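Working notes, beginning with the structure itself.
In what follows, chains are A, B, ... by sequence order, proteins preceding strands, each numbered from 1. All of these numbers come straight from a predicted model, not from anything done at the bench.
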Amino acid sequence: MIKITFPDGAQKEFKEGITSLEIAEQISPRLAQEVLAATVNGEVTDLSRPILADATLKLHKWDDAEGRHAFWHSSSHLMAEALEALYPGIKFGIGPAIENGFYYDVDPGEGRTITENDLQTIENKMKELAAVSHPFVREEIGKKAAMELFTAKGDEYKTELINELEDGTITLYKSGNFNDLCRGPHLPSTEPIKAIKLTGLAGAYWRGDEKRKMLTRIYGISFPKQKMLDDHLVFLEEAKKRDHRRIGKELELFTFSPKVGMGLPLWLPKGAELRQNLINFLTGVLKKRGYKIVATPHIGDVSLYKTSGHYEKYGADSFKPIATPQEGEQFMLKPMNCPHHCEIYNATPHSYRELPYRMAEFGTVYRYEQSGELHGLTRVRSFTQDDAHHFCRPDQLLDEFISIIDLVLYVFRVLNFNDFSAQISLRDPGNREKYIGSDENWEKAEKAIVEAAAAKNLTTTVVKGEAAFYGPKLDFMVKDAIGRKWQLGTIQVDYNMPERFDLTYNGSDNQKHRPIMIHRAIFGSMERFVAVLIENTAGKLPLWLAPEKAVILPISDKFNDYATKVLEILKNSDICTLIDDRNEKIGKKIRDNELRRIPYLLVIGEKEAENGTVAVRKQGEGDKGEMKTDDFAAFIHAEIEKELEY
RNA sequence: GCCGAUGUAGCUCAGUUGGUCAGAGCAGCUGAUUUGUAAUCUGCAGGUCGGGGGUUCGAAUCCCUUCAUCGGCUCCA
């Protein structure tokens, strides 16, 4: 007998060699039906694997990522089986589960292509195969045998993968006629896969290397129930409606023009108003926190970027330098504000007493992004960072870093960004030529970030290789409407730039000392932040950010004069308001202005004109009753204050 | 940049196998109506069918090319 320990600490004895699925069956038949994978002694495994010794066991249903993962991974094998049946000789790359579904990278072979029109056929074949339940059979195999098997099959992608595996660790999973190199885990069989949708087709470089062959990647998603798939598709439709590119156009916030150039956003008046509201808000917060606001040019001498290291690291990928016609001086569009800020620091001598020196600028930068990478406002070639640099003494670093984390959390809270994640980005130790600076400085900087995050009890994931070239960073990521993650806020510790620019301060010992620099942005960039904000709110911006706070709706043009009076009062109160004096019925005016996401609609007719009031209608909530116009103005200001109160 | 797809009025979209196919709704402008909480009615105007080239008696429709967009890959200071 062996002893199994469950997550709640309960222990129970079973016969040796029992499988997780059999244990589930003994607990309840329903559980056995719903369970998809198991974690045995911390390792996710198949339900059908025998357990040979005492172990801890957690059973995963659909609610667990591990359960879905096994489900989708098995679905990708099912798709591969369908592909092999439809395209004999097709070769396979990798086919993993992803956050929302699965994909398989395939090479259909010379002269053969798979197009979107073929997806339905593949999907049908999958359903046909899944209708007959095939068990997933695991097999451990020697390296040599594995090589022979896939060489015989002519699949050079699999043999390349096998080559890198260690002998004794290679496993195959077979379901139906499809046998694949795979670590697992898998479902016991294809039986639970009831609903399938192939969602997309894309090119993907083999092993993510742009120098290698481009394979065809087929994306799909599957569910145990048709209803779940239907719900998912509805969710995707809803998400599309929140797309900032669509809402940005509808609400006339921003646009792009091929005549100006791709990836160069044009802020329309309402978008610019929203953007400015954010800038004004943050500027106020920064001033309270002792930041000095600075301003710098959009270009800088090439030598500036040679000093900073930008030129060496990224010169080839930047916009090419521009030159003066007579002197031949070379200037680069600035890709970052930090070199300019270093020179501002250098413009005056600094005492240890005045540190930390916090310098902020809404600085517009220009970066070359590959054409295929541009995406609405989230990925552009020209954007304005809410950039700042803190210059501090070593003994101030931790507190300074923590104060910035506080600031980021404060701003996110005001904006109701609750669903964010924090990521510590360290350098890739195997690829040091990507970075500048000494190992010692890197270690100090990385240690500071880890300590600060721990001091704030921040839940973080650590990713190696994602650091900036000059230092490690703490990034704050938020998801957009369709689940793509975008980096917004970032805090970066930098020992290198101060050395390169020879920044100093006078210490209490009257000696020159080197300050540490912290780069930080909270919004990240105005462009990306506004994009994510739009998608998180579906365009229903909080009152304080809305470019237009209220629209006055006269019942008929008899009340246009009174509407003008109301407008005057609100204007004098600094509340951006419009009159909808179109010759339309009130229902129509309400509908149109609701669709424009105006926070407050003010209906006025005979009664209101007599009483000096407005009938207030709140966006999405309907009629709120009558209010004196002055009271409404005061109410709006109170509401805004409430929104900003944290 | 790479793979695949898309590109018809300001917006959302129809346009069968190339032959009155240049259309509809919304928005816009007219006129009527003077309206009480999510679409009043009438009329008008709007497009070299992304640009360029080609095939054809004839191209929105087929081919080439170019630009842009979309979904991914790679990249991301």
Side-chain angles (χ1 to χ4, degrees), chain A residues 103 105 113-119 199-219 240 243 245-246 249-250 252 255-259 261-263 305 308-315 317-318 332 334-339 365-376 378-381 383 385 387 434 436 466-471 473 482 484 486-487 490 492 519 521 553-560 582-595 601-608 615-625:
Chain A
Y103 68 77
D105 283 346
T113 53
I114 296 172
T115 70
E116 271 166 30
N117 298 330
D118 302 322
L119 293 184
T199 49
L201 203 56
Y205 300 110
W206 170 232
R207 316 210 75 180
D209 185 341
E210 61 183 324
K211 291 182 193 69
R212 305 199 62 180
K213 184 165 177 151
M214 185 162 264
L215 305 180
T216 304
R217 177 170 295 179
I218 306 172
Y219 284 93
K240 260 194 206 165
D243 191 314
R245 291 166 297 187
R246 178 194 178 115
K249 194 182 271 182
E250 276 172 14
E252 297 175 354
T255 189
F256 291 89
S257 158
K259 287 183 183 163
M262 59 166 87
Y305 302 105
S308 69
H310 288 95
Y311 189 84
E312 179 198 349
K313 288 288 162 193
Y314 298 102
D317 297 324
S318 293
M332 280 175 76
K334 73 174 167 189
M336 286 180 100
N337 304 298
C338 39
V365 296
Y366 302 87
R367 299 177 184 178
Y368 170 72
E369 303 288 353
Q370 297 188 99
S371 56
E373 197 46 54
L374 300 171
H375 182 92
T378 49
R379 196 74 187 275
V380 287
R381 286 177 169 174
F383 56 95
Q385 294 180 308
D387 206 1
K434 266 175 73 179
I436 59 172
E466 288 290 306
F469 75 89
Y470 48 76
K473 51 185 187 161
I482 47 177
R484 274 184 291 229
W486 295 100
Q487 177 202 313
T490 179
Q492 316 176 350
H519 308 240
L553 311 180
I555 293 289
S556 82
D557 56 16
K558 280 191 239 163
F559 308 106
N560 282 355
R582 292 176 303 163
N583 186 359
E584 292 288 353
K585 291 170 88 164
I586 195 67
K588 169 75 165 165
K589 291 189 187 183
I590 287 170
R591 178 184 155 78
D592 287 352
N593 286 290
E594 284 275 351
L595 291 175
L601 301 183
L602 308 176
V603 178
I604 55 163
E606 200 168 348
K607 201 166 35 155
E608 289 77 14
V616 178
R617 186 192 162 96
K618 187 171 180 186
Q619 139 91 245
E621 291 183 21
D623 197 355
K624 291 286 177 190

Phosphate contact (B:A38 OP1 or OP2) by A:Lys588 side-chain N/O below 4.0 Å: no

Touch class at under 4.0 angstrom, heavy-atom based, for A:Arg617 against every strand present: base

Derivation of the side-chain contact (heavy atoms from CB on, under 4.5 Å) call for A:Leu553 and A:Ile590: CA-CA 8 Å; A:Leu553 311 180; A:Ile590 287 170; 3.7 Å; yes

Touch class at under 4.0 angstrom, heavy-atom based, for A:Met214 against every strand present: base

Length of the CG-C1' vector between A:Asp105 and B:C3, whole Å: 11 Å

Check: A:Tyr205 side chain, B:G72 base, donor-acceptor under 3.5 Å: no

P atoms of B:C3 and B:U16, separation to the nearest Å: 30 Å

Touch class at under 4.0 angstrom, heavy-atom based, for A:Gln487 against every strand present: nothing

Flag, side chain of A:Arg217 to backbone of A:Asp105, donor-acceptor distance under 3.5 Å: no

Nearest-angstrom distance from the residue atom CE of A:Met262 to C1' of B:G1: 11 Å

Touch class at under 4.0 angstrom, heavy-atom based, for A:Gly200 against every strand present: nothing

Integer angstrom distance from the P of B:U8 to that of B:G15: 14 Å

Distance below 4.0 Å between A:Thr115 side-chain N/O and B:G4 OP1 or OP2: no

Interatomic distance at C1', B:C21 relative to B:G36, whole Å: 46 Å

Given RNA chain B, 5'-ward residue of the pair A:Glu584 and A:Pro258, judged by closest heavy atom: A:Glu584

Side chain A:Lys334, main chain A:Tyr305, donor-acceptor under 3.5 Å: no

Distance-only donor-acceptor test, A:Arg379 side-chain atoms vs B:C75 base atoms, 3.5 Å: yes

Student check: side-chain heavy atoms of A:Phe559 and A:Glu608 closer than 4.5 Å: no

Shortest side-chain distance from A:Glu369, nucleotide among B:G36, B:A5, B:C76: B:C76

Parallel, tilted or perpendicular: ring planes of A:His310 versus A:Phe469, cut at 30 and 60 degrees: perpendicular

Nearest-nucleotide 5' precedence on RNA chain B, A:Arg591 against A:Gln370: A:Arg591

Pairwise C1' distance, B:U30 and B:A45 [rounded to whole Å]: 10 Å

N or O in side chain of A:His375 less than 4.0 angstrom from B:G71 OP1/OP2: yes

Nucleotide paired to B:C13 in any strand shown, Watson-Crick or G-U, under 3.5 Å: B:G23

Assigned glycosidic conformation for B:G46 [threshold 90° from 0]: syn

Nearest-angstrom distance from the residue atom CG of A:Leu553 to C1' of B:A38: 11 Å

Steps toward side-chain contact (heavy atoms from CB on, under 4.5 Å) verdict (A:Asp592, A:Glu584): CA-CA 11 Å; A:Asp592 287 352; A:Glu584 292 288 353; 5.9 Å; no

Under 3.5 Å on both distances, the Watson-Crick or G-U partner of B:G28: B:C44

Phosphate contact (B:G71 OP1 or OP2) by A:Arg245 side-chain N/O below 4.0 Å: yes

Sugar-phosphate, base or nothing in reach of A:Ala202, heavy atoms under 4.0 Å: base

Lys/Arg N to Asp/Glu carboxylate O, A:Lys558 vs A:Glu606, below 4.0 Å: no

Sugar-phosphate, base or nothing in reach of A:Glu252, heavy atoms under 4.0 Å: nothing

Whole angstrom value for the distance that separates P of B:A38 from CD1 of A:Ile555: 11 Å

Minimum-distance nucleotide to A:Asp557 side chain [options: B:A77, B:G36, B:U34]: B:U34

Spacing between A:Glu466 atom CD and B:A77 atom P, to the nearest angstrom: 8 Å

N/O donor-acceptor pair, side chain A:Glu594 with base B:A38, under 3.5 angstrom: yes

Sugar-phosphate only, base, or nothing, as touched by A:Lys589 at under 4.0 Å among non-hydrogen atoms: nothing

Spacing between A:Gln492 atom CD and B:C76 atom C1', to the nearest angstrom: 13 Å

Integer angstrom distance from the P of B:C63 to that of B:G25: 32 Å

Whole-Å P distance, B:G43 and B:G50: 30 Å

Touch class at under 4.0 angstrom, heavy-atom based, for A:Phe256 against every strand present: nothing

Touch class at under 4.0 angstrom, heavy-atom based, for A:Ile586 against every strand present: sugar-phosphate

Sugar-phosphate only, base, or nothing, as touched by A:Gly208 at under 4.0 Å among non-hydrogen atoms: sugar-phosphate

Between P of B:U35 and CD1 of A:Ile590, the distance in whole Å: 16 Å

Heavy-atom side-chain proximity of A:Gln487 to A:Lys473 below 4.5 angstrom: yes

Between B:C11 (P) and A:Leu595 (CG): distance, integer Å: 18 Å

Presence of donor-acceptor pair under 3.5 Å, side chain of A:Arg582 and base of B:A27: no

Distance, P atom - from B:G28 to B:C75, rounded to whole angstrom: 47 Å

A:Glu210 vs A:Tyr205, side-chain contact (heavy atoms from CB on, under 4.5 Å): CA-CA, chis, key distance, verdict: CA-CA 6 Å; A:Glu210 61 183 324; A:Tyr205 300 110; 3.7 Å; yes

A:Glu116 side-chain proximity, nearest of B:U35, B:A77, B:G4: B:G4

B:A5 - base-pair partner by Watson-Crick or wobble geometry, distances under 3.5 Å: B:U69

B:G47 to B:A32 separation - C1' atoms, rounded to the nearest Å: 30 Å

